[in-house]
Each structure stands twice: as structure tokens, then as C-alpha cells.
Amino acid sequence: MKIFDILHLAALNLYRRLGRSLLTVIGVVIGTTSIIIMIAIGLTNLAQFDEMLQGAEITKIQVSGNSTDQGMGGGRGARLDDAAVSAFLDIEDVDRVVPVKYLQAHAEAEKYHADYLNILAVPAKDLPSMAELKKGIYPREESLMPQIIMGMGAAKQFIETERDYLNRDYRGPAFDWLKTPIHLYLGGRDLKDDKDMPGSRQYRADIVGIIRDRNEEYPNYDIYMSLERVKDIQRENHKLVRELNGDINSYDIAYVYADKMENVKTILKRLNDYGYEAYSDTEWIDEMQKQQRSQQGQLAALGFISLIVSAIGIANTMMTGVLERRREIGVMKVVGVAIKKIRDIFLVEAAMIGLLGGLAGVLLSHIFAYSLSTGSEETIFLGMYFRAGIKMLIPLWLDMAAMGIAIVVGIIAGIFPTTKATKMSPLEAIRS
Amino acid sequence: MMDINKAPIMNQPIMKEPKMDQPKIVKPDYKEPLILARNLTKVYKTQKTRLRALAAVDIDIYQGEFVAIVGTSGSGKTTLLSLLAGLERPSAGRIVIMGRGIHRMTEEQLVDFRLRDAGFIFQSFNLFEILTAQENVAFPLMARGVGKQERMERAKELLTRFQLGKHLHHKPGELSGGQQQRVSIARAIIGEPSIIFADEPTGNLDSHNADQIIDILRDISKSRGTTVLMVTHDVERATHADRIIKIEDGRIV
Ligand SMILES: Nc1ncnc2c1ncn2[C@@H]1O[C@H](COP(=O)(O)OP(=O)(O)O)[C@@H](O)[C@H]1O
Ligand SMILES: [Mg+2]
């Protein structure tokens, strides 16, 4: 029997028993589609996770001092000062240490005033790593006047009347901030009216840069200044600083950067040994990765289960199909068709079902993927977190693999009943 | 209706010169039995019982004979035919057809034997339901690797001779019993076998169609020298055969 005849017979069988063929094909379609969708969801989740890891500063450790407990004779070594910073730098595998001071200030700009501004004081050379600019430049270490960079959230703090506070849509004054000098005072606005406190000097400050907000919804409310300049200002107002329990020479937090993610753990431990509270995203990422892996595992299991279920479905249909056709197989043997050829006819049929079902499954998956896509909002689907929505990616290799699986499953499901049926004696087969 | 006595098949050979390229078997001397069976025994084993369907049967059948095997239902006719044709293996005994030991053949050799030397006709026709009459008849040639155009042409010729020229593209379900049996005879002889095994070919037919089938078989035997082995419980029609073998409870009487 020629190969073409085998193909033709198999196709004829599928075509002339259309109802049953379609039923089997549907089983394959469901199996293929669920495998593709499961894996595609997993891939999307994985891709977004990797993207998120890239955004995270995985080598950064945040160390908090105990500046307020200080006076109460707090813990040894808990003070975050220059000595601590250089001690941190001496820890093995530490690349860089950035000390940060938090201060409160109030300011005026033309007829607007901001009552409570948070100032982060960071060494001038480290400012670029702390905030990305939308426009302008970073403060220089030596400048005539204090230089500031701020986010548009801070700009909203400048109000004309108290009513602006209540207005949700208030965006702040329509200044060109880079050309509008402000007057800055140490401490919150309430200090101004407190006759018992020493008053702050007035500083004319220039806004030299605007911080790029990561997210329009949550603008940056911080104001950054160079640490060197802030220390000068504190010195010039040392009485006030002392009244506020502040300490010119200590920092509120410090960022310690490890050279590699793997070293973060040991550095954290050293910092804790020194008596500091230290925290790193790495711990959280570790946890996330574990969770991620288990979710991926669950997806793979789901895909596998749907594969098995559809394989059983195909096997079942093939089995009943072959059993129903035992007589036909017997007649073929009687007519003189070799067993191998009979098996070929049935396996080609099974492979065709796999191919058709696989093709339709791939098509259906792409339709699903398209309609399941949820834009780019945060989404939770099947217990998985999608930072930028489900945009299902179905790579070509997945299409190919799913088709291959469908065909192989079809063939494997066909082998068993066919082998069994061809083993019967022709008479037995015809009598059944 | 077709009158078999005036049908063209009576007066001319059914087949043209064989077109197959495999060597035609040298027909043995008429005196030598074409089919020879000795001590042929078949025991069916089921879970509880052992049933002896055939008990030490000896048979000689010569080339060109039209032999009828008759007996009541359950006497072992189908069993005998199936053993002779290699459709089932004997429990004991040997079968030699054209000098070859059927009982010793592998499954593969049996398939080849049936492909080249045997044609089958059944009571229930056993046509392929999804194939047309023409495709059914051409099937054995397809199994031999004959090209589509040639095999379809020859199937058409045969069917036309059997008065089925208008039913080439009908499926078995669309044909009457007599028509189906003629299709199945055409399928049995298209490969020009040396022997035709027919198991109750008239069993499902009315008497008119039954007569017609017997006539066709007889004609095949006479005009082509094909050996025809026919099982039937119809003693009356069996008289049209050259020889009648009677079987009772698995024994020849
Ligand atoms: N596969 C089988 N298993 C068990 N018993 C069988 C089987 N085939 C036939 N028989 C028995 O063998 C006997 C002969 O059967 P068979 O040759 O079909 O008779 P016939 O064709 O003359 O009617 C019967 O009693 C039948 O029941
Ligand atoms: Mg019978």
C-alpha cells in the first residue's frame, strides 16, 4: 500500500465520520488551548516579575539610627554619624554608603506658603542616585545660595489660602519653579509663632531641578538638598536644632550598598551586630521569588493536568473508535492489508486529529489571549499579581510545542487500542 | 431485473489478461489437491468449557472445483473454512495449499497469502462502510500498491459487468443486499485469486438474489478455473456445486 493511499484513507475516514472526528478534535483543542494559556500566563507573570526586579534596588540596605533615643543613653553604636558611616564602608563587600538627614522646614514663594516641607539631605555626589530629574540640574556642593530639587508633590504644598488645601485638584502655583526663588526656614510653620523657640534664619533658596515622578498619581513630595549645605544651615541655627532634639552630626538613616545581591545577607547581619536596624528589599524579593516559583509550579501542574485530561479524552475516543472498527480491521486483514499498514492508517488518523486539534487550539489560544488582555493596570488573576496587566505573550515556540504535544498525544493514544485490535485473529475481529 | 443466464458474464472471461507483475503461480497438476488438510482439529477454549468445533477432518480439494460445504448451524462449517483460509489457527493438524503449509505461516505470510491467492465473500458482506462501491472493489489492488487510476478503472469494469455500473459511487448503505454481495464478489475476484472462500454468501439474500450469486460463483469457477469453496446450510442450492462436503458436529460425513 502506498503512503499516499494511507494518508488518503485516513483523511477519508476522518471526513466520512465527521461527527466523531470533530468530537475528538474538540478534546484536543481544549487540551492544547489550556496548555498554551496556562504557560502564556506564567510567561507574562515571569516577564513582569523580571522587569520588577530590574526596577528594585536589590543591593540597597536601609540602616536606621537611633538619633532620638540618643539622649536617653540609647544603645551602643546605634548612633548614625560619620564614624558609623566609615565603619559601614569598612564592612567587606560594601560599595557605597549614603547618609541621609530628614528635616522639616517651611517656605514662602511670592504670595504662596508651604507650612511643612520634608527635606532630605543627601551628600551632593549621591543626589543623582536618589532622584531622577525631569528638568534642571542637581545642586552643587558649593553655591552661593542653598539649592533645592523637588518633586511636583512638594509644589502642591505651596498654597495661597487654607482653601487650596481642601481642593483635591489643586496642583500648586503655576510658577516656572526654576525661575522662582523661595524663602526657606528651618522647622515647621508652627515654630514661627512660638515665642519660646529661637527663630530660624531666612534662606533664599533656588530650585535648580524638578524630580521626575515615577507615577502621575503619586507625585514625589520630597525636597532634596545637599547634606553639606544642610549641615551649614543647622550649624547656623544650632540653638533651634538643639531645641528640636536634633543633632548636627548624626543622620536619620543611611543607605548601604552591597556590591552584589548575594552579599546583602551577610552585610545585614553585620549591621545588626553593630546594633543598627537594617532592612533590605532583598529579603522581600527572596520571598517573592519563592512565591513566584510556587505559582509557576502550580501553573505547570494545571497545564499538565489539562494535558493528561485531554490525552485521556483522545485515548478514550480513539479506543471506542478502534473498537467500533474492529470488524473493519478484520476485513482489512482478510483482504490482505499488512498489520503494519493497518496500524499506520489508524496512527495517521490519530496524528491528523492531533494536528487539526492542535492548529485550532493555537488559534483559539491567540483569540483568548487577545480577549483576556486587561490593559496595563495592576491585576490579580488566578492568585497571581500582574504589575502591568495581563498582556499574554504566546511565543512561537509555545505554539509549536503545543502542536507537537497534541500530535504526539494523539499518536500515543492511538497506539494502544490499534495494537490491541490488530492482534485479534481476522475471524474474531469480523465476528465482533 | 437482471437475468443471469443472459448476462454477459456467462459468455466471456470476467478478467482481461492479468496486469499484475508478480509471477503467476504455476498451477499444479490437476491430480494434486490444491487444498489438502489432514487431521484438522479446532478446539475453542472459553473460561468454563472446551468446545471441539472440528474433529480430525481430512479434506482434498482440487483446482477449479466448486465445492459446497453443508451442515446445520453450529456444525463447524465456518470454522473449517476459516482454518483453510488461514483466518484462524488450527489446534492440531496441517493445511497445505499449493504446496505451502498454511498452518506454519507467520501472520505476515498469511496476509501475503490472502493478498495474492485468496478472495473472501461473507454472509454479511463486510464491505467498508465509508468507501464507495468502486473504492471497495479497488481496495485489494490498493493493498497491492496498484495506482489509483488503474485500480479504479478495473473496479469499474468489474462492477459494470455485474450490472452495477450505475452504483459506482454509492456506499454499501445505499445498496440492496444482492447488490452489496455482488460488490463483495467483485472485491474478492479483482485480484485474480486462485481460491475463493465464501461463507454463506446467500444467507442474507432472498431466493432470487441467492440464485444469482450462486450462478456468478459457478461461472467464476468454470470460466476462470478458480477454485471456489462455499459454506452453506442451504442444501438445495448446494446442489449447483461440483461436489458437496457434508459436515456434522465437526466431522465430515
Ligand atoms: N470463538 C469461538 N469461541 C467459542 N466457541 C466457538 C467460537 N466460534 C465458534 N464456536 C463454536 O463452534 C461451533 C462451530 O461453529 P461454526 O463453525 O461457526 O458453525 P457454523 O458455521 O457451521 O454455524 C459452534 O458450536 C460455535 O458455538
Ligand atoms: Mg457459520
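Naming convention: chains lettered A, B, ... in sequence-line order (proteins, then strands); numbering from 1 in each chain. When reading the values below, keep in mind they use all heavy atoms of this one structure, side chains included, and skip hydrogens, waters and symmetry mates.
- The neighbour count for B/Gln109 CD, taken as heavy atoms of other residues, nucleotides or ligands under 6.0 Å away, is above 12.
- Taking the ring centre of B/Phe128 as origin, the terminal cationic atom of A/Arg16 falls outside the region bounded by 6.0 Å and 45° from the ring axis.
- Heavy-atom pairs under 4.5 Å with chain A were tallied for B/Leu131, B/Asp112, B/Leu110; the largest tally goes to B/Leu131.
- Ranked by non-hydrogen atom pairs under 4.5 Å with chain B, the options A/Val335, A/Asn13, A/Leu9, A/Leu12 are led by A/Val335.
- Here salt bridge (charged side-chain N to carboxylate O under 4.0 Å, His left out) pairs that include residues 345-357 of chain A, with residues two or more places apart or in two chains, are A/Arg325-A/Glu349.
- Between B/Phe122 and B/Phe120, the ring-plane angle classifies as parallel under the 30° and 60° cut-offs.
- The part of B/Glu107 that comes within reach of chain A is its side chain, from C-beta onward, which places non-hydrogen atoms under 4.5 angstrom from that chain.
- For chain B, no part of A/Lys341 is nearby; none of its heavy atoms comes within less than 4.5 Å.
- Contacts between B/Phe125 and chain A at a heavy-atom distance below 4.5 Å are absent for every atom of the residue.
- Put simply, of B/Glu135, B/Glu129, B/Lys148, the one with the most heavy-atom pairs under 4.5 Å next to chain A is B/Glu135.
- Note on B/Arg151 versus A/Asp5: salt bridge recorded, some NZ/NE/NH1/NH2 to OD/OE distance being below 4.0 Å.
- B/Leu127 does not touch chain A: none of its heavy atoms, backbone or side chain, sits under 4.5 Å away.
- Proximity to chain A (any heavy atom under 4.5 Å) is shown, for B/Arg89, by neither the backbone nor the side chain.
- Note: A/Leu398 CG to A/Ser365 OG = 7.5 Å, rounded to the nearest 0.5 Å.
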